[in-house]
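Heads up: the structure comes next, in structure tokens.
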Amino acid sequence: MTSSSAHSRKALSKIACNRLQKELVEWQVNPPAGFKHKVTDNLQRWIIEVNGAPGTIYANETYQLQVDFPEHYPMEAPQVIFIPPAPLHPHIYSNGHICLDILYDSWSPAMTVSSICISILSMLSSATVKQRPTDNDRYVKNCRNGRSPKETRWWFHDDKV
């Protein structure tokens, strides 16, 4: 995990465990198109394979998401990052951090891992150019000591990509 909280992470609450088990069953029955959950015995961390949508600049490319669930999921958003190498995208930093409002300020307990994945695929699919955010180097340098993307004060200003 890229966060220093990895070692101090609290166990999932009973509500979080029940919700994640329900989501996992739903995923197995009806997985979102373009995604594959890599099965592990760790309910608190999911690794998800992402396939770029056909007809987009990410077609035929595969990436991995790491989803870490907090103790009080779904009342608190999970931490979602791309495992490097992250896709070149104006809202994805080279360290895998994703600038997407639903992962932070706009999180709702009604959202699921599937809805997060669909939002990320939509974000990727709408991109017209492969490039890093303009502040990538500065941001990544500031995150060197294991800072979580959830500790960042994101500025959501561009909904075109």
Side-chain angles (χ1 to χ4, degrees), residues 1-9 20 23 27 31-38 40 42 44-161:
M1 182 178 196
T2 60
S3 171
S4 57
S5 64
H7 304 294
S8 60
R9 187 170 56 188
L20 284 171
E23 285 192 44
W27 183 292
F35 295 91
K36 180 181 176 187
H37 175 253
K38 293 188 163 193
T40 68
N42 186 350
Q44 200 162 2
R45 172 176 285 171
W46 291 17
I47 304 298
I48 298 171
E49 191 173 275
V50 183
N51 294 306
T56 71
I57 60 175
Y58 299 99
N60 301 316
E61 294 182 17
T62 301
Y63 301 98
Q64 289 188 70
L65 287 172
Q66 177 177 297
V67 184
D68 288 297
F69 298 96
E71 176 187 14
H72 297 294
Y73 178 81
M75 300 313 290
E76 184 184 337
Q79 175 179 286
V80 183
I81 62 168
F82 277 98
I83 298 173
L88 279 170
H89 186 281
H91 296 277
I92 302 171
Y93 291 84
S94 58
N95 63 357
H97 292 192
I98 305 165
C99 181
L100 181 62
D101 63 348
I102 65 159
L103 299 178
Y104 313 103
D105 299 347
S106 297
W107 172 255
S108 162
M111 293 179 186
T112 63
V113 178
S114 290
S115 66
I116 292 168
C117 288
I118 291 165
S119 293
I120 290 173
L121 189 60
S122 175
M123 182 184 79
L124 286 173
S125 298
S126 66
T128 57
V129 62
K130 289 184 176 184
Q131 65 183 34
R132 289 280 176 232
T134 55
D135 63 337
N136 182 75
D137 293 344
R138 181 177 50 81
Y139 176 79
V140 171
K141 182 180 176 188
N142 287 336
C143 292
R144 279 213 182 112
N145 294 327
R147 186 166 118 196
S148 163
K150 292 177 80 175
E151 297 171 35
T152 298
R153 292 180 58 106
W154 296 100
W155 180 42
F156 305 108
H157 57 89
D158 177 15
D159 59 358
K160 292 187 244 0
V161 241

Inset, instruction - State, yes or no, whether a side-chain contact exists between Ile102 and Met111 at a heavy-atom distance under 4.5 Å. - result: yes

Inset, instruction - Decide yes or no on side-chain contact (heavy atoms from CB on, under 4.5 Å) for Thr40 and Arg45, but give the supporting numbers first. - result: CA-CA 9 Å; Thr40 68; Arg45 172 176 285 171; over 6 Å; no

Inset, instruction - Taking all heavy atoms of Pro78 and all of Pro70, pick out the closest pair and write down the distance. - result: CA-CD, 3.7 Å

Legend entry - Point-to-point distance, once rounded to the nearest 0.5 Å, from NZ of Lys38 to CD of Gln64: 3.5 Å

Legend entry - Inter-residue atom distance Tyr63.OH - His89.NE2, 0.5 Å rounding: 10.5 Å

Inset, instruction - Look up atom CD1 in Ile98 and atom CD1 in Ile81, then write down how far apart they are to the nearest 0.5 Å. - result: 8.0 Å

Inset, instruction - Measure the shortest side-chain to side-chain distance between Ser125 and Tyr58 over non-hydrogen atoms and say whether it is less than 4.5 angstrom. - result: no

Inset, instruction - Using atom types as modelled and distance alone, determine if a side-chain donor or acceptor of His91 lies under 3.5 Å from a backbone N or O of Leu124. - result: no

Legend entry - Heavy-atom check, side chain of Ile116 versus side chain of Trp107, under 4.5 Å: yes

Inset, instruction - Give a yes or no on whether the backbone of Ile92 and the side-chain of Arg132 come within a donor-acceptor separation of less than 3.5 Å. - result: yes

Inset, instruction - Scan residues 51-62 for pairs that pass salt bridge (Lys or Arg N to Asp or Glu O under 4.0 Å), counting only residues two or more places apart or in two chains. - result: Glu61-Lys130

Inset, instruction - Say whether, by atom type as modelled, one donor and one acceptor occur between the side chain of Gln44 and the main chain of Phe69 under 3.5 angstrom. - result: yes

Inset, instruction - Indicate whether any N or O donor in one side chain lies under 3.5 Å from an N or O acceptor in the other, for Tyr73 and Glu23. - result: yes

Inset, instruction - Go through the steps to decide whether Ile83 and Ile47 satisfy the test side-chain contact (heavy atoms from CB on, under 4.5 Å), and finish with yes or no. - result: CA-CA 9 Å; Ile83 298 173; Ile47 304 298; 3.8 Å; yes

Legend entry - Least distance between heavy atoms, Gly96 atom then Ala86 atom: CA-CB, 4.0 Å

Inset, instruction - Compare all side-chain heavy atoms of Pro90 with those of Pro133 and state whether any distance is below 4.5 angstrom. - result: no

Inset, instruction - Determine whether Thr128 and Ile57 make a side-chain contact, defined as any pair of heavy atoms from C-beta on separated by less than 4.5 Å. - result: no

Inset, instruction - Of all the heavy-atom pairs spanning Phe35 and Ile48, show the shortest one and how long it is. - result: CD2-CG2, 3.8 Å

Inset, instruction - For residues Ile120 and Leu100, determine if any side-chain heavy atom of one lies less than 4.5 Å from a side-chain heavy atom of the other. - result: yes

Legend entry - From CD (Gln66) to CG (Asp68), nearest 0.5 Å: 4.5 Å

Inset, instruction - Output all residues satisfying salt bridge (Lys or Arg N to Asp or Glu O under 4.0 Å) with Asp137, sequence neighbours left out; order by chain, then residue number. - result: none

Inset, instruction - Measure the shortest side-chain to side-chain distance between Val140 and Ser94 over non-hydrogen atoms and say whether it is less than 4.5 angstrom. - result: yes

Inset, instruction - Give a yes or no answer on whether the side chain of Ser122 reaches the backbone of Ile118 with a donor-acceptor pair at less than 3.5 Å. - result: no

Legend entry - Residue pair Ala33 / Leu121: nearest heavy atoms and the distance that separates them: O-CD2, 3.8 Å

Inset, instruction - Give the ring-plane orientation class for Tyr139 versus His97, where under 30° counts as parallel, over 60° as perpendicular and anything between as tilted. - result: perpendicular

Legend entry - Side-chain heavy atoms of Phe82 within contact of Tyr93, under 4.5 Å: no

